[in-house]
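These notes concern the structure reproduced below.
Counting convention: from 1, in listed order, for ligands and their atoms alike. In this text, all values refer to a predicted model and were calculated from it rather than measured experimentally.
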Amino acid sequence: MGDLEGRVALVTGASRGIGRAVASRLAREGAAVACAARSEAALEETVRAIRDAGGMAEAFVLDVADADRAREVVAEVHERLGGLDVLVNNAGIVEDQIFVRMKPEQWRRVMAVDLDGVFNVTQPASRIMMRRRWGRIVNISSVIALMGNPGQANYAAAKAGMIGMTRALARELGSRNITVNAVAPGYIETEMTASLTDGQRERLLEALAIPRLGTADDVAEAVAFLAGPGGDYITGTVLNVSGGLYI
Ligand code: NDP
């Protein structure tokens, strides 16, 4: 029997990359997984893969920047899957630009998805968890929030905001048996990092203690740990999954 048997999990940004790996990993632990993102066709692929492996999953089309739709989706998940116990805020975008050239829209778009999106989904989800007196919230931040990166002031600010929110919520929700943690991945092989040049990859490998880029499964393992019994007494932390890029 898996660690999350009988639990319901909602994973945002589950249509590809880290979110898809997290959704599959939680389903392997027995959770019924609500997979949310904007692209319906890609979400259906995630759902099909989980079902083919014997797991339970449903697709929910959601733009996390849309607060009304986020509330609706959380209510639908609760109704259709019979609860909501684990929330993984993974949906995220980058719009890199050196700061002096960054347009206000580039700043706002990243904030709207990477930070407001977390608020939009977490608020209705945490209300349900509070009533159920159990919950696990895992926010996918980034080591960029901890170490900075030129060209990513918007992203670093949003991901650091997520960490502050994680710590505050951990204090608010602990008495209801809800833990709130962040995972800070380093460089993970997904579409988001596909545009790294060979030169950038070489420099990156030199900076890593474990000389390889991470995989989406590396991140999924950390999330499964925090959502499972191993995470019962862990809250308000940032788990750095970066191969030693940030030490
Ligand atoms: P991808 O670009 O491969 O996937 C991003 C996911 O987020 C997709 O499923 C996408 O689905 C979804 N998404 C984007 N915008 C929205 C939105 N407005 N509403 C709902 N879903 C949305 O990225 P990764 O898998 O690499 O990244 C996942 C998370 O991990 C992100 O938060 C990212 O910042 C973080 N991270 C990634 C690292 C990396 O090296 N890859 C390193 C550190 C952190 P769709 O387009 O269908 O909406």
Side-chain angles (χ1 to χ4, degrees), residues 10-25 33-47 49 57 59-74 77 87-96 108-122 138-149 152 154-163 165-166 182-196 200-201 204-205 207-208 212-220 222-223 238-243 245-246:
L10 166 59
V11 181
T12 68
S15 59
R16 59 175 188 266
I18 293 172
R20 177 177 282 177
V22 167
S24 303
R25 184 67 185 81
V33 184
C35 301
R38 293 166 305 175
S39 349
E40 192 167 11
L43 271 179
E44 289 299 347
E45 273 179 49
T46 302
V47 167
F60 295 83
V61 175
L62 168 67
D63 179 343
V64 294
D66 179 343
D68 292 337
R69 179 67 189 141
R71 262 195 306 276
E72 227 171 71
V73 164
V74 167
V77 170
L87 168 63
V88 184
N89 285 304
N90 164 80
I93 55 167
V94 285
E95 282 212 33
D96 298 352
R108 280 196 289 267
R109 270 197 297 271
V110 169
M111 287 296 160
V113 176
D114 294 11
L115 190 54
D116 297 358
V118 181
F119 172 84
N120 294 340
V121 180
T122 306
V138 183
N139 295 323
I140 308 299
S141 177
S142 168
V143 284
I144 300 304
L146 307 172
M147 57 194 282
N149 200 24
Q152 293 201 304
N154 50 0
Y155 184 72
K159 293 295 187 183
M162 201 185 217
I163 291 175
M165 183 180 165
T166 297
V183 169
Y187 283 86
I188 309 297
E189 296 271 17
T190 68
E191 255 179 57
M192 193 174 267
T193 48
S195 61
L196 286 174
Q200 284 171 321
R201 269 170 201 270
L204 183 58
L205 291 181
L208 290 165
R212 65 168 176 85
L213 262 65
T215 64
D217 289 335
D218 291 327
V219 181
V223 174
V238 182
L239 182 52
N240 166 358
V241 184
S242 71
L245 177 66
Y246 176 77

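- With a 4.5 Å cut-off on side-chain heavy atoms, Asp218 and Arg212 count as touching.
- Which of Ala37, Cys35, Ser15 comes nearest to atom 8 (C) of ligand 1 through a heavy atom is settled by distance: it is Ser15.
- The shell of residues lying under 4.0 angstrom from ligand 1, judged by heavy atoms, includes Gly186.
- With a heavy-atom cut-off of 4.0 Å, Val94 does not touch ligand 1 at all.
- Residue contacts with ligand 1 include Asn90, since one or more of its heavy atoms lies under 4.0 Å from the ligand.
- Salt-bridge check for Glu189 with Arg201: passed, with a basic side-chain N closer than 4.0 Å to an acidic carboxylate O.
- The ligand atoms of ligand 1 that sit less than 4.0 angstrom from a heavy atom of Thr193 are 39 (C), 40 (O), 41 (N).
- Listed by number with element, the atoms of ligand 1 under 4.0 angstrom from any heavy atom of Tyr155 are 33 (C), 34 (O), 35 (C), 36 (N), 43 (C), 44 (C).
- In this structure, Gln200 CD and Ser195 OG are separated by 7.0 Å, a value rounded to the nearest 0.5 Å.
- The atoms of ligand 1 that sit less than 4.0 Å from any heavy atom of Leu62 are 19 (N), 20 (C).
- Close contacts between ligand 1 and Glu191 involve ligand atoms 3 (O) [criterion: under 4.0 Å to a heavy atom].
- Counting heavy atoms under 4.0 Å from ligand 1, residue Asp63 touches it through both backbone and side chain.
- Listed by number with element, the atoms of ligand 1 under 4.0 Å from a non-hydrogen atom of Gly17 are 25 (O).
- When heavy-atom distances to ligand 1 are checked against a 4.0 Å cut-off, Ile93 comes that close only through its side chain, counted from C-beta outward.
- Selection from Glu189, Arg38, Arg16, Arg20 by nearest heavy atom to atom 48 (O) of ligand 1 gives Arg38.
- Comparing Ala112, Ala91, Ala158, Ala184 by heavy-atom distance to atom 22 (C) of ligand 1, the nearest is Ala91.
- Between Asp217 atom CG and Arg20 atom CZ the span is 12.0 Å, to the nearest 0.5 Å.
- Both the backbone and the side chain of Ile188 come within contact range of ligand 1, each with a heavy atom under 4.0 Å.
- When the heavy atoms of Pro185, Ala41, Ala21, Gly214 are ranked by distance to atom 43 (C) of ligand 1, first place goes to Pro185.
- With a 4.0 Å heavy-atom cut-off, ligand 1 is reached by the backbone of Ser141 but not by any atom from C-beta on.
- One finds the CG atom of Leu62 at 12.0 Å from the CZ atom of Arg71 (value rounded to the nearest 0.5 Å).
- Put simply, part of Lys159 is less than 4.0 Å from ligand 1, judged by heavy atoms.
- An N or O contact shorter than 3.5 Å is missing between Asp114 and ligand 1 by distance.
- Of the possible donor and acceptor atoms, none in the side chain of Asn149 sits under 3.5 Å from a partner among the backbone N and O of Ile144.
- Listed by atom number, the atoms of ligand 1 under 4.0 Å from Tyr187 heavy atoms are 40 (O).
- The shortest side-chain heavy-atom distance between Val22 and Asn90 does not fall under the 4.5 Å cut-off.
- Each of Thr122, Val138, Ile140 was evaluated against Asn89; a single residue qualifies, Thr122, per the side chain to side chain contact (heavy atoms under 4.5 Å, CB included) test.
- Between the side chains of Ser141 and Asn139, no donor-acceptor pair is found at a separation under 3.5 Å.
- Near Val113, meaning under 4.0 Å from any of its heavy atoms, are these atoms of ligand 1: 15 (N), 18 (N).
- Side chain of Asp63 to backbone of Arg38: no donor-acceptor contact under 3.5 angstrom is found.
- Considering only non-hydrogen atoms, atom 27 (O) of ligand 1 lies nearest to Ile18 out of Val183, Ile18, Ile144.
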